[in-house]
Amino acid sequence: MSGKIRTRFAPSPTGYMHIGNLRTALYAYLLTKHDGGDFILRIEDTDQERYVDGAVDVIYKTMKDTGLIHDEGPDVGGDYGPYIQSERRGLYKEYAEKLVELGGAYYCFCDKERLDKLKEAQTAKGITPKYDGYCKGLSKEEIQEKIDAGIPYVIRQKIDPHGKTTFHDEIFGDITVDNAILDENVLLKSDGLPTYNFANVIDDHLMNITHVIRGNEYLSSTPKYNLIYESFGWDIPKYIHVSPVMKDSGKKLSKRDGDASYEDFINKGYLKEAIVNYVALLGWSPGGEQEIFTMDELIEHFSVSGISKSPAIFDEKKLSWMNGEYIRKMSEEDFAKEAMPYIKEAVKRTDIDMNAICALLHARIEKFTDIADQLTFIDELPEYDNELYTHKKMKTNPENSLESLKAILPVLEGVEDWTMENIHSALFALIEKMEVKNGIILWPLRVAVSGLPFTPGGGVDLAAILGKDETIARVKKGIEQLS
RNA sequence: GGCCCGUUGGUCAAGUGGUUAAGACACCGCCCUUUCACGGCGAUAACAGGGGUUCGACUCCCCUACGGGUCACCA
């Protein structure tokens, strides 16, 4: 065995990529790439009832999108294929039979009815439901007879109820459980496909996986998996169980609320880099004070020791902030490229300098979907109340604003070449001449031109963007409204 | 309910027996400013509770509370 780390991401194709799943994939990727190892994608589709059309493509797309590039997988091949469990069907059966021979499993012919009754009876007695070993004592002949008779069967794990099993988890440490509480779960279903309980062991071993990174929900069944490894005499991989991502204390991120999947956040306007960056830090700490990381930096800093044990609550506010950081870091060109479609969607007028709007927006949005709300005043001046002209700090009110606007109007009309610089100097000349504070002139202009309490940019910016005619029309409207 | 796991400010979190218990987001205040935003500065805010162990506990042990996970022919 080479010392190379091999990790795998093994989602079942449900049609969307849960954010917690994405994080698990990311951690597996970071761990293995930190060490120059291989990252494997395996599709766990052994539940035919859950099959969703196109779901595998969602997985491929998301991983490609986020930069989690797998070295082996159904789409890229590799030496350990096939990488789709339904295509490995025969293999599981073979190993299940071998496990029976080794004494680690047995045939079971119990039907659903008996199982349900058993469970019911146990529950009624207040004991934890568990298979009672009814078929464990069947002789070889009896088994063969039933199989020949076509009675459906499963293969169950055989567990000696005596003793304890201890396993080691890289983040939780040693965990010991009583074998008596371990249920003898179905390994091979009557349809011939394995359950997760079996498939993960077989595949992880066959694919030479060295580190198993998965959700915390597998923590309590891990001892059972180890028993299987032991029956086969196989090496047990290192386990890394990560705690879930929560919406708030007590609630997991849910599909229902539309904030559980990677796609949901993309649709809300978040950048993929920001999502990856944020999710990386949700439940893992690099130790230092850096918070913005490229994928390469994440790879460089990643360590299992920084993964926390307790569940982490997803804070969209922080994601939003981080997204803003990414946006502000973009070059003007890149920003324009991304923002322009949104701007064009929000602004229908064609006589507007889109680039100027773009520049104004760059430091003012946290996600591109914020753009529309910022530009509502451009196409049409909204109705507004004259009280908007009152601003305590600017020392303005409707009365002096009227005077200001009256003074502003001829000045603006006199600006020949309508550029921001020219408007600016013309207005500041007026300010100087009138011997007033900037705000006395500029605040009323901003209100008249936008009709809003907050805008992306001040009066001069907005005037320049709106154009001479429109600006003057709006100033006149202001004068009229104030008179 | 049984079993397993966890618990540092509202949130993400650093911290591994001796610290003024970091930092970030959010919130609040101030500055900058042509509003807002950006940026800068600052403030408020935490070791779940109780017992031990120890010269000394956020750090180790026990109990309680709370939270999470699991108890399928789902993964």
Side-chain angles (χ1 to χ4, degrees), chain A residues 10-12 14 44-47 49-50 108 110-112 115 119 123 126-131 152-156 169 171-173 175-178 180-183 185-191 193-197 199-200 214-223 241 243-244 246 248-250 252 278 281-292 306 308-322 324 328 360-366 374 388 391 393-394 424 427-428 431 437-439 441-443 445-447 450 452-462:
Chain A
S12 54
T14 57
E44 310 226 331
D45 61 342
T46 57
D47 185 3
E49 291 186 15
R50 273 217 224 167
C108 171
C110 293
D111 56 19
K112 189 169 185 304
L115 260 18
K119 186 173 176 179
T123 309
I127 50 178
T128 306
K130 191 177 170 227
Y131 183 65
Y153 67 91
V154 300
I155 292 180
R156 259 180 210 284
D169 181 90
I171 75 188
F172 289 100
I175 295 171
T176 303
V177 296
D178 234 312
I181 63 149
L182 265 22
D183 197 6
N185 287 133
V186 170
L187 263 22
L188 198 73
K189 299 184 275 187
S190 52
D191 65 3
L193 282 168
T195 59
Y196 174 86
N197 299 319
N200 91 84
R214 57 166 54 136
N216 201 309
E217 64 268 28
Y218 298 107
L219 203 53
S220 55
S221 38
T222 297
H241 287 95
S243 289
M246 310 286 290
D248 49 51
S249 67
K252 273 190 164 188
Y278 176 70
L281 262 27
L282 232 206
W284 169 70
S285 167
E289 289 188 358
Q290 183 179 350
E291 289 204 291
I292 305 297
S308 75
K309 296 174 178 172
S310 36
I313 295 171
F314 195 100
D315 182 7
E316 197 168 338
K317 284 220 177 91
K318 182 143 189 181
L319 202 214
S320 202
W321 163 79
M322 195 172 273
R328 276 167 242 133
L360 247 28
L361 252 18
H362 200 158
R364 275 170 245 262
I365 58 166
E366 289 194 320
Q374 300 247 18
L388 266 188
H391 191 287
K393 209 173 135 202
M394 298 293 132
H424 185 272
L427 252 17
F428 273 75
I431 287 165
K437 288 191 62 176
N438 298 350
I441 293 299
L442 297 170
W443 177 261
L445 173 63
R446 205 187 61 76
V447 172
S450 71
L452 295 173
F454 313 114
T455 54
V460 175
D461 299 298
L462 303 185

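To find a chain, count down the sequence lines: A is the first, B the second, and so on, and within it residues start at 1. Computed from heavy atoms alone, side chains included, the values below leave out hydrogens, waters and symmetry copies.
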Would you measure the distance from the P atom in B:C30 across to the matching atom in B:C36 and give it in whole Å? 12 Å
No-H, no-angle donor-acceptor pair, A:Arg446 side chain to B:U35 base, under 3.5 Å: yes
Which part of the nucleic acid, if any, lies within reach of A:Gly215 when heavy atoms closer than 4.0 Å are counted: base, sugar-phosphate only, or nothing? nothing
Say you pick atom C1' in B:U19 and the same atom in B:U35; how far apart are they, in whole Å? 44 Å
So, does the side chain of A:Lys393 form a donor-acceptor pair with the base of B:U34 at under 3.5 Å? no
Pairing partner of B:G39, by Watson-Crick or G-U wobble and under 3.5 Å for both distances, is B:C31
Quote, to the nearest angstrom, the C1' distance that separates B:G18 from B:G23. 23 Å
Does B:G67 have a Watson-Crick or wobble partner in any strand here, with both distances under 3.5 angstrom, and which is it? B:C5
Relative to the 5' end of RNA chain B, which residue comes earlier, A:Glu289 or A:Leu442, by the nucleotide with the nearest heavy atom? A:Glu289
Watson-Crick or G-U wobble mate for B:U44, both contacts under 3.5 Å: none
Phosphate OP1/OP2 of B:G69 contacted by A:Asn216 side-chain N/O (<4.0 Å): no
Which is true for A:Tyr278 with a 4.0 Å heavy-atom rule: it touches a base, it touches only sugar-phosphate, or it touches nothing? nothing
Could you tell me whether the side chain of A:Ser220 has a donor or acceptor atom within less than 3.5 Å of a complementary atom in the base of B:C3? no
Need one value for A:Thr455: base, sugar-phosphate or nothing, where a base atom within 4.0 Å counts as base even if backbone is also close, heavy atoms only. base
Does a nitrogen or oxygen in the side chain of A:Ser308 sit under 4.0 Å from OP1 or OP2 of B:A13? yes
Considering only the P atoms, how many Å lie between B:C25 and B:C38, rounded to the nearest integer? 10 Å
Pairwise P distance for B:A43 and B:U34, with rounding to whole Å: 28 Å
Once you apply a heavy-atom cut-off of 4.0 Å, does A:His241 come out as touching a base, just sugar-phosphate, or nothing? nothing
Look at all strands and tell whether A:Ser221 reaches a base, only sugar-phosphate, or nothing, counting heavy atoms closer than 4.0 Å. nothing
Interatomic distance at P, B:G69 relative to B:A57, whole Å: 35 Å
Give me the atom names and distance for the closest heavy-atom approach of A:Ser190 to A:Val154. N-CG1, 3.7 Å
Please tell me which of the listed nucleotides, B:A26, B:C36, B:C73, lies nearest to the side chain of A:Val186? B:C73
Should B:U59 form a Watson-Crick or G-U wobble pair with both distances under 3.5 Å, which nucleotide is its partner? none
For B:A13, which nucleotide is its Watson-Crick or G-U wobble mate, given both distances must be under 3.5 Å? none
Could you check whether A:Gly126 gets within reach of a base, just the sugar-phosphate, or nothing at all, counting any heavy atom under 4.0 Å? nothing
Nearest 0.5 Å, what's the CD1-CG distance between A:Ile155 and A:Leu187? 8.0 Å
Which part of the nucleic acid, if any, lies within contact of A:Ser285, taking any heavy atom under 4.0 Å across all strands shown: a base, the sugar-phosphate backbone alone, or nothing? sugar-phosphate
Expressed in whole Å, how much space separates the P atoms belonging to B:G68 and B:C73? 25 Å
Using the C1' atom on both, measure B:A46 against B:A24 and round to a whole Å. 15 Å
